[in-house]
Protein chains: 2
Amino acid sequence: MTRLNRERVLRAAVALADESGIESLSMRRLAQELGVVPMALYKHVANKEQLLDGMVDTVVGEIDPPEPGSDWRGVVRQRILSARRVLLRHRWAYGVIESRTGPTSAVLEYLDSMIGVFRDGGLSVDLTHHVMHAMGSRLLGFSQELFEASGASGGSGGAEPPDPALAQRYPRIAELAAAAAHDGDSVVGGGCDDQFEFEFALDLLLDGFERLRAEGWSPPGRG
Amino acid sequence: MTRLNRERVLRAAVALADESGIESLSMRRLAQELGVVPMALYKHVANKEQLLDGMVDTVVGEIDPPEPGSDWRGVVRQRILSARRVLLRHRWAYGVIESRTGPTSAVLEYLDSMIGVFRDGGLSVDLTHHVMHAMGSRLLGFSQELFEASGASGGSGGAEPPDPALAQRYPRIAELAAAAAHDGDSVVGGGCDDQFEFEFALDLLLDGFERLRAEGWSPPGRG
DNA sequence: ACCTGAACACCGTTCAAGT
DNA sequence: ACCTGAACACCGTTCAAGT
């Protein structure tokens with residue numbers, strides 16, 4: 001039973017969230033996992049918020065650094081897809097990062113380096129600024145879909161057969177779902193190729209940015 | 001003291017979340033607000049999850065219907081900006097909608113009608129499908145920014161003066177923040193014109209979709 | 001049919017005490 | 001310096017009882 005320290009606490013918290021979901025991560029449960037009384041944790045993290053901050057830094061630190069390349073779009077693309085792979089390994093990270101009131105230092109470092117790629121690619125400070133906002137959480141590989149995933153027909157969740165009553169109430173959704181039914185059925189989400197959808201939107205945005213850069217975009221007048 | 005019913009429960013819940021924030025919305029607190037014992041609520045909503053579903057439907061029902069116009073982009077734009085105004089009145093709705101495992105019926109209705117606008121605008125079923133994914137939660141007016149808002153310098157939150165040590169650690173962020181400092185200072189978020197950023201990204205996406213439509217985009221081969 | 005009371009199994013966190 | 005025990009003020013929800 002080695003001594004507790006901040007790193008052991010954070011690693012155990014990440015492992016617990018990975019295995020049992022973020023909703024199972026309580027100070028009490030984490031302490032139990034570490035064979036310690038709940039209050040022992042408070043010597044190493046100030047409170048639960050700071051624990052979550054530390055978990056975010058741990059995860060964001062797993063993202064590959066940018067691999068320099070000729071095309072700024074390629075560099076951005078590769079790094080965001082790396083972030084996406086990391087975040088898919090830690091599915092709880094999505095909600096936790098969004099719930100932070102401010103960015104942690106690892107996130108700031110990540111954003112700073114991403115800005116550098118855009119700037120080095122020739123985007124102006126102003127354009128880069130709006131680009132960073134437009135990318136939003138997609139910079140970290142988040143899909144920004146309306147719902148986390150999977151079966152959505154009636155509410156009971158899971159993969160149900162397509163409901164003809166729902167198809168009548170929502171005919172446009174049904175048409176899309178029918179066309180998208182590569183594997184499985186879905187309203188919006190399940191049965192779709194998440195990776196394809198992610199890259200479709202990502203490339204659309206990057207191409208749009210590149211077009212604006214090439215056109216010499218500048219902000220609308222301030223008066 | 002009139003009889004309790006589902007609608008009164010939902011309206012009180014929305015009002016409580018609007019005023020005190022979603023974190024204050026507990027079954028016990030809501031019951032207290034209604035002058036009733038906690039268990040009385042369970043006759044009108046099955047549990048807290050269903051209460052949240054009902055609140056989402058209430059809010060999504062406030063979005064204006066689409067105003068038919070000549071240009072599909074204009075119709076989509078106007079309706080999404082209406083959704084955004086609604087969601088800004090109920091800031092808790094963002095997190096609650098994203099936390100639902102499946103869409104509520106009001107959301108399905110909204111999505112169905114949005115799909116109709118794209119299809120009537122001449123987008124193919126396949127393109128509309130990917131467009132819906134690419135829009136994601138932006139369809140409901142969400143910004144999809146990395147952090148909810150405001151001061152982000154070091155972690156203590158609030159509007160601090162720009163920290164020279166941080167500027168040295170994150171020089172690219174500092175450069176952007178300096179350029180963006182219309183009113184107030186910010187790392188990414190505070191001091192920026194949220195409405196401008198939202199419309200910038202929205203229009204970039206809509207223009208991209210229109211370009212693909214005009215080019216007769218079709219999905220890549222399946223083999 | 002609707003509301004109540006007491007209870008169960010949880011939370012995060014403070015405070016005073018131990019070693 | 002680090003860990004513990006007991007307590008406080010909360011949760012959502014079940015179950016049996018009241019009217």
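All values derive from a computational prediction rather than experimental measurement. All chains are named by letter (A, B, ...) in the order of the sequence lines, taking the proteins before the strands, and each is independently numbered beginning at 1.
In DNA chain C, the stems built from three or more successive Watson-Crick or G-U pairs (distances below 3.5 Å) are C:4-8 with D:12-16, C:12-16 with D:4-8.
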Item to check | side chain to side chain contact (heavy atoms under 4.5 Å, CB included) between B:L25 and B:L51, intermediate numbers included | outcome: CA-CA 10 Å; B:L25 180 79; B:L51 172 74; 4.2 Å; yes
Checklist entry - What's the verdict on side chain to side chain donor-acceptor pair (under 3.5 Å) for B:E7 and B:H44, showing C-alpha distance, side-chain angles and the deciding distance? => result CA-CA 9 Å; B:E7 206 208 316; B:H44 304 100; over 6 Å; no
Checklist entry - Can A:T104 and A:D57 be said to form a side chain to side chain donor-acceptor pair (under 3.5 Å), step by step? => result CA-CA 7 Å; A:T104 63; A:D57 273 353; 2.5 Å; yes
Checklist outcome for this item: B/S/- along nucleotides 4-15 of chain C (protein heavy atoms under 4.0 Å) is BB-B---BBBBB
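When the P atom of D:dA1 is taken as reference, atom CG of A:N5 falls 17 Å away, rounded to whole Å.
Not one side-chain nitrogen or oxygen of B:H44 sits closer than 4.0 Å to the OP1 or OP2 atom of C:dC2.
Nearest heavy atom pair, residue A:A201 against residue A:R138, reads CB-NH1, 3.5 Å.
Contacts classified as salt bridge (charged side-chain N to carboxylate O under 4.0 Å, His left out) and involving residues 168-178 of chain A (residues at least two apart or in different chains) are given here: A:R172-B:D120, A:E175-B:R119.
Ring-centre distance between A:H133 and B:F198: not below the 6.0 Å cut-off.
For A:E23, the CD atom counts as densely surrounded, since its 6.0 Å shell holds more than 12 non-hydrogen atoms of other residues, nucleotides or ligands.
Ion pairing between B:D53 and B:R100 holds under the 4.0 Å rule for side-chain N and carboxylate O.
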